[in-house]
Engineer: 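Take this structure, written in structure tokens, and hold onto it; I'll ask about it next.
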Protein chains: 2
Amino acid sequence: MDNITSLFKKNGLSITDGRKKILSYFLNSEGALTHADVEKNAGEHFDRVTVYRTLQTFVDKGIIHQIPTTDNSILYALCKDDCGAGHHHDDHVHFICEECEKTICLDGVMVPQVKLPRGFKPRHSEMVVKGICDDCK
Amino acid sequence: MDNITSLFKKNGLSITDGRKKILSYFLNSEGALTHADVEKNAGEHFDRVTVYRTLQTFVDKGIIHQIPTTDNSILYALCKDDCGAGHHHDDHVHFICEECEKTICLDGVMVPQVKLPRGFKPRHSEMVVKGICDDCK
DNA sequence: CGAATACTTGCAGCATTGTTGCAAAAGTAC
DNA sequence: GTACTTTTGCAACAATGCTGCAAGTATTCG
Ligand SMILES: [Mn+2]
Ligand SMILES: [Mn+2]
Ligand SMILES: [Zn+2]
Ligand SMILES: [Zn+2]
């Protein structure tokens, strides 16, 4: 029983061909992926609806996490921390390279705390840094 | 000549009814606004395309800035810094209240610098904090 | 001011993206 | 293998975003 299979088992998900291919695609990709990436490159043709539902399921189970963007798209990347259904702990910084357009999880860089004005209670913080990545510099 | 008019003049924009109403709407709103907000509430009916073009123009001229989200929408908020055409300086933290759903520019809270891995060159950073705002606590 | 020019708007049409219900197919449990 | 549960694909629809073009406004300049 490989990694992928046991991960699905652990989360009470049926082991289907689509889920295996989509998760493999994430495992074999460097950066974050969009819905369109998955639809085009996950290895075979999956219905658009299936891709939506699969990504949503993976997010719900703590298998992938979302990265906010400013261009009406959502990026998805593998959770490498101890995320699970209902509790994500992806509090690392994301880096978007303006040259190669890749989005990279900087798993070693934690999102810093900031001092908020009186009365504001933080629960979760996101940080996205744009610039030039190591490969493109 | 009021504020709005002179701001448009300064940026070489024609003074039109639509632009005045849309900018007024931003000036009279507390939090950040979506395209849909503007289309519904800017005071009269503007064509969807007009709203897209107006928002884009305002972003280009440094009158409003965009705030990244994780739900396929873009939020827009007034620039309060010395932004202009081609140079935005909105490096403040944004706060999204999970109770009232408002998004607030924390103009006094700068996005902190983070130490990136060797080779990564940062150019611009965004930070979004979710939690409970002062009004809802 | 009024005419010439430049810019902005709304509309039509289209493309892309996201959602729901339902029946067929695939997976799981016994 | 059969009964049961879950997942998938399809159809239909809704929402969002973009472009070209003609008509409408705003600005410029005499
Ligand atoms: Mn990440
Ligand atoms: Mn802001
Ligand atoms: Zn790069
Ligand atoms: Zn609130």
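No experiment lies behind these values; they were computed from the predicted model shown.
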Engineer: Whole-Å distance between C/dA26 C1' and A/F8 CZ?
Structural biologist: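 Rounded to whole Å, this separation is 15 Å.
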Engineer: To the nearest Å, give me how far apart CG (B/L55) and C1' (C/dT9) are.
Structural biologist: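 B/L55 atom CG is separated from C/dT9 atom C1' by 15 Å.
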Engineer: Is there a side-chain contact between A/L23 and A/F8 in this structure, where contact means two heavy atoms from C-beta onward sitting under 4.5 Å apart?
Structural biologist: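 In contact.
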Engineer: Does some side-chain heavy atom of B/H35 sit less than 4.5 Å from a side-chain heavy atom of B/I74?
Structural biologist: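 Side chain of B/I74 against side chain of B/H35, heavy atoms only: no contact under 4.5 Å found.
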Engineer: Under the side-chain hydrogen bond (donor to acceptor under 3.5 Å, both in side chains) rule, what do A/T5 and A/D2 come out as? Steps first, then yes or no, please.
Structural biologist: CA-CA 5 Å; A/T5 304; A/D2 60 18; 2.5 Å; yes
Engineer: Do B/Y52 and B/F46 sit in one hydrophobic cluster, given that two such residues count as connected whenever their side-chain heavy atoms are within less than 4.5 Å of each other, even indirectly?
Structural biologist: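 No.
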Engineer: Quick one: what's the B/S/- string for nucleotides 13-20 of chain D, heavy-atom cutoff under 4.0 Å, read 5' to 3'?
Structural biologist: ---BBBBB
Engineer: Taking atom C1' of D/dT7 as reference, at what distance in whole Å does atom NZ of A/K21 sit?
Structural biologist: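 Spelled out: NZ on A/K21 to C1' on D/dT7 is 15 Å.
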Engineer: For B/E98, does the CD atom have more than 12 heavy-atom neighbours from other residues, nucleotides or ligands under 6.0 Å away?
Structural biologist: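 Yes, CD of B/E98 has more than 12 neighbouring heavy atoms, counting only those of other groups under 6.0 Å.
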Engineer: Atom OG1 in B/T54, atom NZ in B/K20: separation rounded to 0.5 Å?
Structural biologist: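 Between atom OG1 of B/T54 and atom NZ of B/K20 there are 13.5 Å.
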Engineer: Go through B/H89 and B/H124 one step at a time and tell me if the side-chain hydrogen bond (donor to acceptor under 3.5 Å, both in side chains) criterion holds.
Structural biologist: CA-CA 9 Å; B/H89 307 285; B/H124 181 70; over 6 Å; no
Engineer: In whole Å, what is the span from the CZ atom of A/F46 to the P atom of D/dC10?
Structural biologist: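 My rounded result for the distance is 12 Å.
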Engineer: Tell me yes or no: between the side chains of A/D37 and A/T34, is some donor less than 3.5 Å from an acceptor?
Structural biologist: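 The answer is yes; a qualifying pair exists.
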Engineer: What integer distance in Å separates A/E39:CD from D/dC10:P?
Structural biologist: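 One finds 12 Å between P of D/dC10 and CD of A/E39, rounded.
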Engineer: Show the distances under 3.5 angstrom between N or O atoms of the protein and N or O atoms of nucleotides 24-30 of chain D.
Structural biologist:
unit_1: D/dT27; atom_1: OP1; unit_2: B/I15; atom_2: N; d: 3.0

Engineer: How many Å lie between CD on A/Q56 and P on C/dT20, as a whole number?
Structural biologist: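 Those two atoms, CD and P, are 11 Å apart.
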Engineer: Rounded off to whole Å, could you give me the CG-to-C1' distance for the A/D47 and C/dA24 pair?
Structural biologist: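 In whole Å, C/dA24 C1' lies 14 Å from A/D47 CG.
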